[in-house]
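Quick notes on the structure that follows.
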Amino acid sequence: MASSERIFSLLDTKPEITEKRDPLRLPEVKGSVEFKNVSFSYRQGLPVLKNVSFQVRPKEKVAIVGATGSGKSTVINLLSRFYDVDSGEILVDGVNVRDLD
């Protein structure tokens, strides 16, 4: 019973990240990804990423490597929009992920 209450509590939690009323849908994803001056902190005052910029062109393969806690998973979580950036922008095929469905 206690486990069920916990599960229902989680399901009832409102998401912090919401999409726009009329989000854009890319008719065809070409695969360009660009981080422009992206900064992000899980906790205020403790940045995980500071002014990170890079571009990955369609069909290009990229490896993200680094020590534990260097922000590798954070990059993917921001691209997937599990979190929103504190500053900067992330573009997929030239469109800000905040504008996408």
Check: [Y] and [X] side chains under 4.5 Å, non-hydrogen atoms:
X	Y	value
V97	L91	no
I90	N96	no
L100	R25	no
V52	V75	no

Value rounded to 0.5 Å, distance of [atom1] in [X] from [atom2] in [Y]:
X	Y	atom1	atom2	result
L26	D99	CG	CG	10.0 Å
N51	K36	CG	NZ	14.0 Å
S32	E34	OG	CD	6.5 Å

Open item on the list: For a quick test of reading the model, state the closest non-hydrogen atom pair linking L78 to Y83 and the distance between them.
Closed with: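 Nearest pair, atom of L78 first, then Y83: CD2-O, 3.7 Å.
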- [ ] Could you pull out the closest heavy-atom pair between P47 and S41, with the gap in Å?
- [x]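 The pair with the smallest heavy-atom distance is CA-OG, 3.1 Å.
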Enclosure of [X] [atom1] (heavy-atom neighbours >12, cutoff 6.0 Å):
X	atom1	value
F54	CZ	yes
D22	CG	no
K72	NZ	yes

Task: S53 side chain to N37 side chain, donor-acceptor N/O pair below 3.5 angstrom - done: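 A donor-acceptor contact under 3.5 Å links the two side chains.
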Given 3.5 Å as the limit, does a donor-acceptor pair link the side chain of [X] with the main chain of [Y], or not?
X	Y	value
D93	K30	yes
S70	A67	yes
R81	D101	no

Task: Qualifying residues under side-chain contact (heavy atoms from CB on, under 4.5 Å), relative to R57, sequence neighbours excluded - done: Q55, E60
Task: side-chain hydrogen bond (donor to acceptor under 3.5 Å, both in side chains) between Y42 and T74, worked out - done: CA-CA 9 Å; Y42 289 101; T74 300; 2.8 Å; yes
TODO: Indicate if V62 and V38 have the same hydrophobic cluster label, given that clusters are the connected sets of ILVMFWY residues with side-chain heavy-atom separations under 4.5 angstrom.
DONE: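 Same cluster: V62 reaches V38 through Ile, Leu, Val, Met, Phe, Trp or Tyr contacts under 4.5 Å.
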